[in-house]
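One structure is given here, and the rest of the page talks about it.
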Amino acid sequence: MPTGPAPQPGILEIAPYVAGEAKIAGVERSIRLASNESALGPSPKAIAAYRSLAGEIHRYPDGSADELREAIGRRHGLDPARIVCGAGSDELITLLLRGYAGPGDEVLYSRHGFLMYPINAQTVGATPVAAPERALTTDVDALLERVSQRTKIVFVANPNNPTGTYLGTAEMARLRAGLPPSVVLAIDAAYAEFVNRNDYEAGAALVDRAGNVVMLRTFSKIYALAGLRLGWAYCPPAIADILNRLRSPFNVNAPALAAGVAAVEDVAALVHAQAHNQRWLAWFSERLAALGIPLTPSVANFVLARFPDNPRKNADAVFAFLQRHGILTRKMGAYGLSEYLRITIGTGEEMERVAATLGEIMAAR
Ligand SMILES: Cc1ncc(COP(=O)(O)O)c(C=O)c1O
């Protein structure tokens with residue numbers, strides 16, 4: 001048998017990322033709560049900006065994303081020269097790994113941290129190292145204990161997906177203080193805008209105080225532009241320089257750049273989306289508690305719900321029951337949390353439907 005071209009060592013060991021399901025066979029409009037997408041959709045101004053680009057798509061985009069970096073800088077009080085835009089924060093995770101880790105190096109993350117960290121670490125030949133958690137929350141001491149000579153990057157999603165828990169400002173500063181300056185601390189704040197806690201900071205202040213901290217942000221969650229693929233990193237100048245050298249020259253497409261500017265400037269839409277999430281996250285959490293379904297205390301736009309060890313009401317059974325009722329949630333087996341489902345906060349009507357449907361299965365004998 002002739003053998004085909006061999007991929008680089010280690011590539012075949014990568015378990016491909018499995019995205020949340022978007023369709024149920026035979027159901028025209030399912031309730032999609034599997035991918036932590038926005039409940040409300042984008043700002044109408046972002047949609048208008050996207051559409052306004054339709055006649056211009058024969059042109060290359062602005063490869064330096066000047067307007068968007070300036071808009072982000074104004075909104076967040078940050079130096080645009082230290083912002084790098086990417087095709088989703090996923091791309092920025094990959095670029096950081098390409099820049100700072102390779103074969104023989106270790107990439108540290110929290111046991112139930114976002115799956116793209118270990119997956120992407122493997123794509124550059126590095127070894128992912130998971131640190132255990134306490135109560136499904138990132139444990140700073142456990143991370144610090146696992147730092148070795150080989151550690152190049154520590155990824156912390158804050159708040160974390162899929163657990164919904166977060167590290168307070170002091171804990172994150174303690175993590176940074178315990179790391180050698182040669183190790184990159186990547187704070188992935190994809191869900192930052194949803195957090196309503198006094199002891200939380202998305203990470204920019206830490207970036208300003210240190211030469212080894214990067215904050216990652218996305219337009220896929222509260223700004224509801226997941227389909228356009230848009231994220232950004234705020235970095236020390238030397239790290240921004242590395243990401244800029246590695247990225248392809250036109251990595252963010254023109255409609256995404258235009259929609260991003262409009263989205264970040266529409267503060268009213270942001271505040272509306274925050275209020276919606278706070279209201280329905282609290283409402284849904286209370287309903288699940290009343291049904292006897294334990295939850296992690298989420299500060300993001302989803303909950304992680306634990307189901308009983310009863311074949312008729314366990315996570316698999318509940319997933320299938322919800323699916324039969326047109327509701328898509330996310331199974332958590334890939335995270336080693338197979339007794340849990342992750343459920344995104346959708347519209348009020350959707351959350352009422354999910355709560356009622358969960359009520360049916362939990363009440364059944
Ligand atoms: C913690 C975290 N980081 C990054 C991402 C990726 O976001 P993007 O759509 O910007 O690539 C996600 C998406 O679910 C996420 O949960």
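As the structure lists them, so they are numbered: ligands from 1, and atoms in each ligand from 1. Not measured: the values here are computed from a predicted model.
Between Y60 and F250, the distance from one ring center to the other falls under 6.0 angstrom. In this structure, F302 has its ring center closer than 6.0 angstrom to the ring center of Y191.
Of all the atoms in ligand 1, the ones that sit under 4.0 Å from a non-hydrogen atom of K221 are 13 (C), 14 (O). Numbered from 1 in the order shown, with element, the atoms of ligand 1 that lie under 4.0 Å from a heavy atom of Y191 read 1 (C), 14 (O), 15 (C), 16 (O). Every atom of ligand 1 with a heavy atom of A190 under 4.0 Å away is listed here by number and element: 2 (C), 3 (N). For ligand 1, the atoms closer than 4.0 angstrom to any heavy atom of S220 are 8 (P), 9 (O), 10 (O). Taking every non-hydrogen atom of T218 and a distance limit under 4.0 Å, the qualifying atoms of ligand 1 come out as 7 (O), 8 (P), 9 (O), 10 (O).
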Checklist entry - Please walk me through it: do E350 and R353 pass salt bridge (Lys or Arg N to Asp or Glu O under 4.0 Å)? => result CA-CA 5 Å; E350 288 171 340; R353 275 262 308 271; over 6 Å; no

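The residue among G113, A300, S89 with a heavy atom at the shortest distance from atom 8 (P) of ligand 1 is S89. When D90, D188, L230 are checked for heavy-atom proximity to atom 2 (C) of ligand 1, D188 turns out nearest.
Judged by distance alone, with hydrogens and angles left aside, the side-chain atoms of E201 form a donor-acceptor pair with the main-chain N or O of A205 at under 3.5 Å. N212 contributes a side-chain N or O that, together with a main-chain N or O of V183, makes up a donor-acceptor pair within less than 3.5 Å.
Between N161 and ligand 1, at least one pair of N/O atoms sits closer than 3.5 Å. Below 3.5 Å of separation, one finds no N or O of Y117 facing any N or O of ligand 1.
Looking only at heavy atoms of the protein, atom 12 (C) of ligand 1 is closest to F114 CZ, 3.4 Å.
No chain of hydrophobic side-chain contacts below 4.5 Å, direct or via other Ile, Leu, Val, Met, Phe, Trp or Tyr residues, connects L33 to I222.
Contact analysis puts R229 in contact with ligand 1, with a non-hydrogen atom separation below 4.0 angstrom. Residue contacts with ligand 1 do not include G231, since none of its heavy atoms lies under 4.0 Å from the ligand.
Ion pairing of D188 with R217 is absent here, as no side-chain N (NZ or NE/NH1/NH2) approaches a carboxylate O to less than 4.0 Å.
Rounding to the nearest 0.5 Å places CZ of F307 at 6.5 Å from CG of L288.
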